[in-house]
Amino acid sequence: LQPVEAVLVIFGGTGDLTSRKLIPALHNLKAKDSLPQHFAVIGVGRRQLSDQEFRKNLYPALRQAVGENLRADTWAELQERIFYRRFDFQDERGYRVLREFLEQTDAAYQTGGNRIYYLAVAPEYFGVIVEKLYANGLVRNRSGQGWQRVVIEKPFGRDLATARVLNRKITAVFSEKNTFRIDHYLGKEMIQNIMVLRFANPLFEAVWNNKYVDNVQISATETVGVENRAGYYEQAGALRDMLQNHLLQLLTLTGMEPPVSLTTEAVRDEKVKVLRSLRALAPERVAGDVVRGQYGPGRIEGGQVAAYREEKGISPSSDTETFLALKVEIDNFRWAGVPFYIRTGKRLRAKSTDVIVQFKALPPILYVKEHGELEPNILIIRIQPKEGVYFQFNAKKPGMDPSISPVKMDFCQNCDFENNSPEAYEKLLLDVMRGDPTLFTRWDEVEYSWKFVDQIAQTWGEDQRISSPVPYPAGTWGPAAAGELLARDGRAWWSPG
Ligand code: BG6
């Protein structure tokens, strides 16, 4: 599939996502000659800016994101195709003006009526924008030519009920095929690699089950705090910000059965089955198996940082969780009895996302009888910042000494060429232009994820014991209770990185 000519309309053109992620991704695609020849970008937002001012404002974040890979000639060419229109999302007139401008752009850049409407705005606008795009003839353009696709950033609702309402509004206008619900983790190189590692290596797939696997740990730790997103984050917390989307997606890719083919729908079908097999979290299990934390003050990378409740825009009595750890069971034939431990948090000791597969202990015979318990085999799929695969196994120590010690095989994908992997948004934007939704979430994936997450949110809302998060010092691995969650099962978290 080749990317085809299109106009990309970014709602929320003056927002962070546009300058920090989308424009850098477009620059990099252009530098690799991967953008279609006929292409233009229209940023829309509420501020009054000329095209020139808009382009100029994008530059500092672009330079920061792309660093030394910034190419002046590429940016010069790209920015000539970037425009800005002031726009009030509620105002019908704006949509009509935009429609006319799009028609002119089609004529000027031969973009054939193909449009990508990228909704990088606060979620309360998703529904209204989609409705008004349709009402004002922006979805089926007058000539009836071309396709129109919508890309929706998260959060896709704040629970199942609101997600359903939103989905109804979107599907009333755009077909599922033209709806791209973005989860930027799916654009990460090593996350796409999970399926390849599993299904292109008989060695891994043969042991990827409850006969050999003791437990799986999915860990996404961050050092950043809430940054300048207080308004959004206070509503979301780690549960909605990370678990509902990125982490459950990682769980599905790690746990899924081999699909019947590599087509979009076959892959999505298997992912949904994992979500459908998740054991329900009754209130008692939420109390016991889910740890909720919030960062206090502490030191990270040598600097003192403030508590969450002291951050700008955060209520001093906020009960929003910035950390979450939980134990999940997949009740199917492959995984029955194998716990999946998931954790994520902000202001932790290090930034790292990993999938860790710990294999079962040996029976107490032979070397175990002689030497005592040996280190388990461990396979780590490193998603970021290091990308690669690490395998720990046991070997005899060289020499006369009969002892056994763990050794490693370490494949590092991004060690030799720093940042050689394309940024997630490059891949995902290209896929939208190609019309390939494989790395986007289908509605039923969203639906089942919310069903799972809602059980936790509801219990937190109702159960006094867990209605407040446990504080943890910034710069640690989170509340002690997260360690106890595994210690109780005779296990421990593997250090990330
Ligand atoms: C976003 C969350 O989706 O993912 C942020 O809203 C989080 O809170 C970010 O920091 C993490 O993404 P990455 O790519 O840096 O791991």
Side-chain angles (χ1 to χ4, degrees), residues 12 15-22 24-25 28 61 64-65 118-123 126 151-158 180-194 218-251 253 293-295 300-301 305 308 311-314 318 320-324 342-355 381-387 414 419 421-429 439-441 445-446 449 453 474 478 496-497:
D16 262 13
L17 187 87
T18 306
S19 56
R20 280 168 53 179
K21 297 287 184 188
L22 302 181
N28 293 350
Q64 202 185 358
Y118 197 118
L119 309 192
V121 292
F126 292 164
V151 184
I152 301 152
E153 271 292 335
K154 56 173 242 217
F156 198 92
R158 68 167 274 111
F180 291 74
R181 298 177 195 84
I182 213 159
D183 182 321
H184 81 281
Y185 268 49
L186 297 181
K188 291 185 190 280
E189 191 67 29
M190 281 307 294
I191 292 185
Q192 293 165 55
N193 215 340
I194 294 177
I218 297 176
S219 174
T221 60
E222 295 189 272
T223 51
V224 292
V226 64
E227 300 179 288
N228 52 0
R229 303 160 77 213
Y232 155 74
Y233 199 82
E234 275 283 84
Q235 296 299 313
L239 181 72
R240 296 182 174 89
D241 186 46
M242 294 292 288
L243 181 70
Q244 187 271 335
N245 35 71
H246 310 324
L247 295 171
L248 288 181
Q249 284 292 323
L250 266 175
L251 177 78
L253 291 165
Q294 186 189 72
Y295 63 82
I300 293 198
E301 289 155 1
V305 297
Y308 178 73
E311 300 264 28
K312 197 164 132 247
I314 304 293
S318 169
T320 300
E321 76 286 347
T322 61
F323 177 95
L324 181 70
I342 300 179
R343 75 170 162 184
T344 184
K346 294 204 181 281
R347 287 285 190 231
L348 297 179
R349 189 173 299 166
K351 163 102 180 161
S352 197
T353 307
D354 307 271
V355 175
I381 303 176
R382 289 177 166 149
I383 312 287
Q384 61 182 16
K386 283 190 202 152
E387 297 174 5
N414 62 348
N419 289 330
S421 297
E423 258 280 325
Y425 277 96
E426 289 174 42
K427 168 76 180 143
L428 297 175
L429 280 172
L439 298 180
F440 295 79
T441 43
E445 295 178 68
V446 177
S449 303
V453 160

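Given the structure is predicted, the values throughout are model-derived calculations rather than measurements. Note: hydrogens, waters and symmetry copies are ignored here, and every other heavy atom, side chains too, is used. Order of listing sets the numbers, starting from 1, for every ligand and every atom in it.
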Just by distance, with hydrogens left out, do N28 and E426 show a side-chain donor and acceptor under 3.5 Å apart? yes

Taking atom NE2 of H184 and atom OH of Y425, what is their separation to the nearest 0.5 Å? 5.5 Å

We want to know whether E321 and Y308 form a side-chain donor-acceptor pair, criterion being a heavy-atom distance below 3.5 angstrom. no

Decide whether the shortest distance between a heavy atom of T353 and an atom of ligand 1 is less than 4.0 Å. no

Check ligand 1 against K188 and write out every atom of the ligand that is under 4.0 Å from a heavy-atom position of the residue. 13 (P), 14 (O), 16 (O)

To the nearest 0.1 Å, how far is atom 12 (O) of ligand 1 from its closest protein heavy atom, and which atom is that? H184 NE2, 3.2 Å

Per-atom contacts, ligand 1 versus Q384 - under 4.0 Å to a heavy atom: 13 (P), 16 (O)

State whether a side-chain donor-acceptor pair under 3.5 Å links Y233 with E227. no

Counting from 1, what ligand 1 atoms have a heavy atom of Y185 closer than 4.0 Å? 11 (C), 12 (O), 13 (P), 14 (O), 16 (O)

Do any heavy atoms of R229 fall under 4.0 Å from ligand 1? yes

Just checking, is any N or O donor in the side chain of T320 or Q294 under 3.5 Å from an acceptor N or O on the other one? no

For the 3.5 Å polar cut-off, considering only N or O atoms, please tell me whether K346 and ligand 1 meet it. yes

Around atom 15 (O) of ligand 1, find the nearest protein heavy atom and jot down its residue, atom name and distance. K351 NZ, 2.7 Å

Distance alone, cut at 3.5 Å: any donor-acceptor contact between the side chains of R343 and S219? yes

The one among E423, K154, E222 that brings a heavy atom closest to atom 7 (C) of ligand 1: E222

Protein heavy-atom partner closest to atom 8 (O) of ligand 1 - residue, atom, separation in Å: D241 OD2, 2.5 Å

Decide whether the shortest distance between a heavy atom of Y233 and an atom of ligand 1 is less than 4.0 Å. no

Going by atom types alone, do Q384 and E189 pair a side-chain donor with an acceptor below 3.5 Å? no

V224 vs K346 side-chain heavy atoms within contact, under 4.5 Å: yes

